[in-house]
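Below you'll find the structure, written out as structure tokens, and then a few comments.
Values in this document were obtained by computation on a predicted structure and should not be read as measured data. Count residues from 1 along the sequence.
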Amino acid sequence: QVQLVESGGGSVQPGGSLRLACNASTIVYRMAWFRNVPGKEREGVACFLADDTIFYTDSVKGRFTISKDNVAKTLYLQMNSLKPEDTAMYYCAAGWRASSCRRDQYNWWGQGTQVTVSS
């Protein structure tokens, strides 16, 4: 299996920034960031897709940027202009194809890192 470990979460004031990182145990073809608020469906935040496009959910467009370092086997999520509604547990995910930014497109998951945005 692929092991994923997230880091970089924490507490920040509105308007602040955080950068999340996900270290992978092996090279995978597609990786993504999801987030989960209790009582709601896990949401795809930013996903590298099989057609080489990048998906961002509407609420984070222009504020979040997904990137990766293939040599270091590390996925990043740069989060700027954070809002209270961004508060969630953020998960790194990996899969082989990922034709869409859906939970069932990703086979392996990290343990999550908490992001809290409040004044």
Side-chain angles (χ1 to χ4, degrees):
Q1 73 279 4
V2 177
Q3 296 183 8
L4 305 171
V5 180
E6 301 99 330
S7 62
S11 182
V12 65
Q13 293 184 335
S17 298
L18 288 172
R19 188 175 76 159
L20 307 184
C22 171
N23 294 306
S25 62
T26 188
I27 296 174
V28 296
Y29 291 103
R30 306 299 171 198
M31 300 184 75
W33 288 100
F34 285 71
R35 66 186 179 186
N36 188 211
V37 176
K40 294 189 175 183
E41 183 179 351
R42 188 170 296 185
E43 175 188 34
V45 177
C47 297
F48 284 107
L49 302 180
D51 60 359
D52 293 324
T53 63
I54 300 175
F55 168 88
Y56 292 99
T57 193
D58 286 344
S59 64
V60 309
K61 288 179 179 177
R63 300 189 297 120
F64 291 10
T65 303
I66 188 172
S67 62
K68 56 187 173 73
D69 182 337
N70 290 326
V71 175
K73 296 181 290 185
T74 303
L75 181 75
Y76 299 98
L77 184 67
Q78 179 67 47
M79 304 185 293
N80 297 326
S81 301
L82 283 161
K83 303 175 180 179
E85 49 264 47
D86 295 318
T87 296
M89 184 73 73
Y90 284 73
Y91 296 89
C92 176
W96 293 112
R97 299 199 302 174
S99 59
S100 62
C101 194
R102 292 170 52 88
R103 293 175 62 186
D104 61 4
Q105 299 295 300
Y106 297 90
N107 302 106
W108 301 280
W109 298 84
Q111 81 287 352
T113 185
Q114 179 68 39
V115 172
T116 302
V117 185
S118 63
S119 58

Starting from [Y], can I reach [X] by hopping between I/L/V/M/F/W/Y residues whose side chains sit under 4.5 Å apart?
X: Tyr56; Y: Leu20; result: yes
X: Leu18; Y: Phe34; result: no
X: Met89; Y: Trp109; result: yes
X: Val5; Y: Val2; result: no

Inset, instruction - Return each pair, listed once, that meets salt bridge (charged side-chain N to carboxylate O under 4.0 Å, His left out) where at least one residue sits in residues 102-117; pairs must be two or more places apart or across chains. - result: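 Every salt bridge (charged side-chain N to carboxylate O under 4.0 Å, His left out) pair that includes a residue of residues 102-117, provided the two are not neighbours, is Arg102-Asp104.
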
Inset, instruction - Please collect all salt bridge (charged side-chain N to carboxylate O under 4.0 Å, His left out) contacts where either partner lies in residues 15-33, sequence neighbours excluded, each pair once. - result: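 Checked against salt bridge (charged side-chain N to carboxylate O under 4.0 Å, His left out) - neighbours excluded - the pairs reaching residues 15-33 are Arg30-Asp52.
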
So do the side chains of [X] and [Y] get within less than 4.5 Å of each other, counting heavy atoms only?
X: Tyr76; Y: Thr74; result: yes
X: Ile66; Y: Leu75; result: yes
X: Glu85; Y: Val117; result: no
X: Asp86; Y: Met79; result: no
X: Glu6; Y: Tyr90; result: no

Inset, instruction - Verify whether one side chain among Gln105 and Ser99 offers a donor that lies under 3.5 Å from an acceptor in the other. - result: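 The answer is yes; a qualifying pair exists.
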
Inset, instruction - Sort and list the pairs that fulfil disulfide bond (SG atoms under 2.5 Å apart) and have at least one residue in residues 53-119, not counting sequence neighbours. - result: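 Listed once each, the pairs are Cys22-Cys92, Cys47-Cys101.
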
Inset, instruction - Taking the six-membered ring for Trp and the full ring for Phe, Tyr or His, determine whether the centres of Phe64 and Trp33 are under 6.0 Å apart. - result: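 That pair fails the under 6.0 Å test.
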
How long is the straight-line distance from [atom2] of [Y] back to [atom1] of [X], given to the nearest 0.5 Å?
X: Met31; Y: Leu49; atom1: CE; atom2: CG; result: 14.0 Å
X: Gln114; Y: Ser11; atom1: CD; atom2: OG; result: 9.5 Å
X: Leu77; Y: Thr113; atom1: CG; atom2: OG1; result: 11.0 Å

Nearest non-hydrogen partners of [X] and [Y], listed with the distance:
X: Asn36; Y: Ala88; value: O-CB, 3.6 Å
X: Ser119; Y: Pro14; value: N-CD, 3.7 Å
X: Tyr106; Y: Ala98; value: OH-CB, 3.4 Å

Inset, instruction - Look at Lys61 together with Asp58 and state whether they make a salt bridge at an N to O cut-off of under 4.0 Å. - result: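 Yes, charged N to carboxylate O under 4.0 Å.
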
Inset, instruction - Determine, stepwise, if the pair Gln3 / Thr26 fulfils side-chain contact (heavy atoms from CB on, under 4.5 Å). - result: CA-CA 8 Å; Gln3 296 183 8; Thr26 188; over 6 Å; no

Not counting sequence neighbours, which residues clear side chain to side chain donor-acceptor pair (under 3.5 Å) with [X]? List them please.
X: Tyr91; answer: none
X: Thr65; answer: none
X: Glu43; answer: Arg35, Thr57

